*Asks:* 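Before I ask anything, let me first share the structure, which is written out below as structure tokens.
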Amino acid sequence: MSRRKLVVGNWKMHGSRSVNAALLDGIVQARPFGCDVAVCVPFPFLSETAVTLSGSDLRWGAQDVSSHEQGAFTGEVSAGMLAEFGCRYAIVGHSERRALHAESDQLVADKAKAALGRGVTPIVCVGETLAQREAGETEAVVKRQLSAVIHTLAHCAGEIVVAYEPVWAIGTGLTATPEQAQAVHALLRAQLRAAAARADEMKILYGGSVKPDNAATLFSQPDIDGGLIGGASLKAADFVAICRASPA
Ligand code: 13P
């Protein structure tokens, strides 16, 4: 089955108004791409990004979302707030949030549910640490992480985007080989098939040191439907090259 590729930039905590303007302009000028393209930016830049990208086919999203609708949750941002001005995606369960903010599988699942409830597509990140891979636990870890989301979303599980991001490959320059990544993507696809009627249409992105020179081979794997790009999404030329590496 051929799925249209999706390439998403995760800017993490980088950027400034002037830097963003130049970066977004570089991406906008390079259109059209043969794949769908989105940027997930820090909260303060969301509305300006929405304005900059309006009228283009580039999509934008947030890097997190609260599991709560509203209330006394200082510092949190709700899915309703994101949806109100057209946010398309929210990354949930990034390994940096799981590790630095002790986010549990269930909290990640609740965030995905809150996003979907407001029409924001969650990009659910799963991935094992180096120690877990070396202990032969990769399959068990990613299945456990995804299973919490599938369980919580029930019949809506088919609406999410999944991102496989091996923690040992994030920001390290160590990329999973296309075969290593494909093997995990195939496992995740099988797990989705058991839970969602439209599993074959769902996108499973790979993230972890994707660069212009390794993107094409990763994206040519049968179950890799695009990428979630960190460092290389901060340079327009690199991000554009990765988007162009993605076959339609
Ligand atoms: P790098 O591309 O910098 O390895 O980051 C990957 C990532 O964490 C994207 O969410």
Side-chain angles (χ1 to χ4, degrees), residues 5-15 19-20 23 26-27 35-43 45-46 49 58-65 87-101 103 108 111-112 115 120-130 132-133 138 141-142 145-146 149 160-178 180-181 184-185 188 203-219 221 224-246:
K5 305 283 183 196
L6 170 64
V7 176
V8 180
N10 173 10
W11 290 3
K12 307 193 180 184
M13 198 172 73
H14 293 286
V19 166
N20 302 348
L23 177 52
I27 303 168
C35 62
D36 294 328
V37 175
V39 287
C40 289
V41 309
F43 288 129
F45 301 137
L46 281 169
T49 301
L58 297 176
R59 304 167 178 189
W60 54 275
Q63 298 172 12
D64 188 26
V65 65
C87 180
R88 174 97 182 221
Y89 297 108
I91 297 172
V92 299
H94 192 280
S95 63
E96 287 150 17
R97 296 208 61 87
R98 290 182 191 262
L100 302 173
H101 300 271
E103 293 197 1
V108 172
K111 289 182 172 197
V120 176
T121 300
I123 300 176
V124 177
C125 300
V126 299
E128 81 287 2
T129 63
L130 185 58
Q132 289 166 334
R133 173 161 282 263
T138 299
V141 169
V142 298
Q145 292 171 334
L146 185 58
V149 176
I160 66 173
V161 171
V162 176
Y164 169 54
E165 297 208 312
V167 178
W168 49 272
I170 295 176
T172 57
L174 287 175
T175 318
T177 64
Q180 282 175 320
V184 178
H185 281 232
L188 295 171
K203 295 190 204 304
I204 308 178
L205 312 182
Y206 169 78
S209 297
V210 178
K211 306 287 177 218
D213 62 358
N214 61 22
T217 34
L218 284 162
F219 296 168
Q221 299 297 307
I224 300 185
D225 306 314
L228 184 54
I229 320 300
S233 74
L234 300 173
K235 291 188 201 136
D238 285 359
F239 189 61
V240 164
I242 291 168
C243 294
R244 292 206 171 121
S246 168

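These numbers come from a predicted model, not from an experiment. In listed order, ligands and their atoms are each counted from 1.
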*Asks:* In this structure, which one of V162, V126, I224 forms a side-chain contact (heavy atoms from CB on, under 4.5 Å) with I204?
*Replies:*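 Passing option: V162.
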*Asks:* Residues two or more places apart in sequence or in another chain: which of them pass ring-ring contact (aromatic ring centres under 6.0 Å, His included) with Y164?
*Replies:* H185
*Asks:* If the test is side-chain contact (heavy atoms from CB on, under 4.5 Å), which one of P212, S233, C35 qualifies with C243?
*Replies:* C35
*Asks:* Show the atom names and distances, to 0.1 Å, of all donor-acceptor pairs under 3.5 Å that link a side chain in residues 89-97 to residues at least two apart or in another chain.
*Replies:*
from, atom 1, to, atom 2, distance (Å)
Y89, OH, R59, NH1, 2.8
H94, ND1, E96, N, 2.9
H94, NE2, E165, OE1, 3.0
E96, OE2, K12, NZ, 2.7
R97, NE, D64, OD2, 3.2
R97, NE, E103, OE2, 2.8

*Asks:* Got a sec, which residues hit side chain to side chain donor-acceptor pair (under 3.5 Å) with T138, two or more places apart in sequence or on another chain?
*Replies:*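 T138 satisfies side chain to side chain donor-acceptor pair (under 3.5 Å) with no other residue.
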*Asks:* Which parts of the protein, at residue level, reach under 4.0 Å of ligand 1 through a heavy atom?
*Replies:* N10, K12, H94, E165, A169, I170, G171, G208, S209, L228, G230, G231
*Asks:* Can you confirm whether the side chains of Q63 and W11 place a donor and an acceptor under 3.5 Å from each other?
*Replies:* no
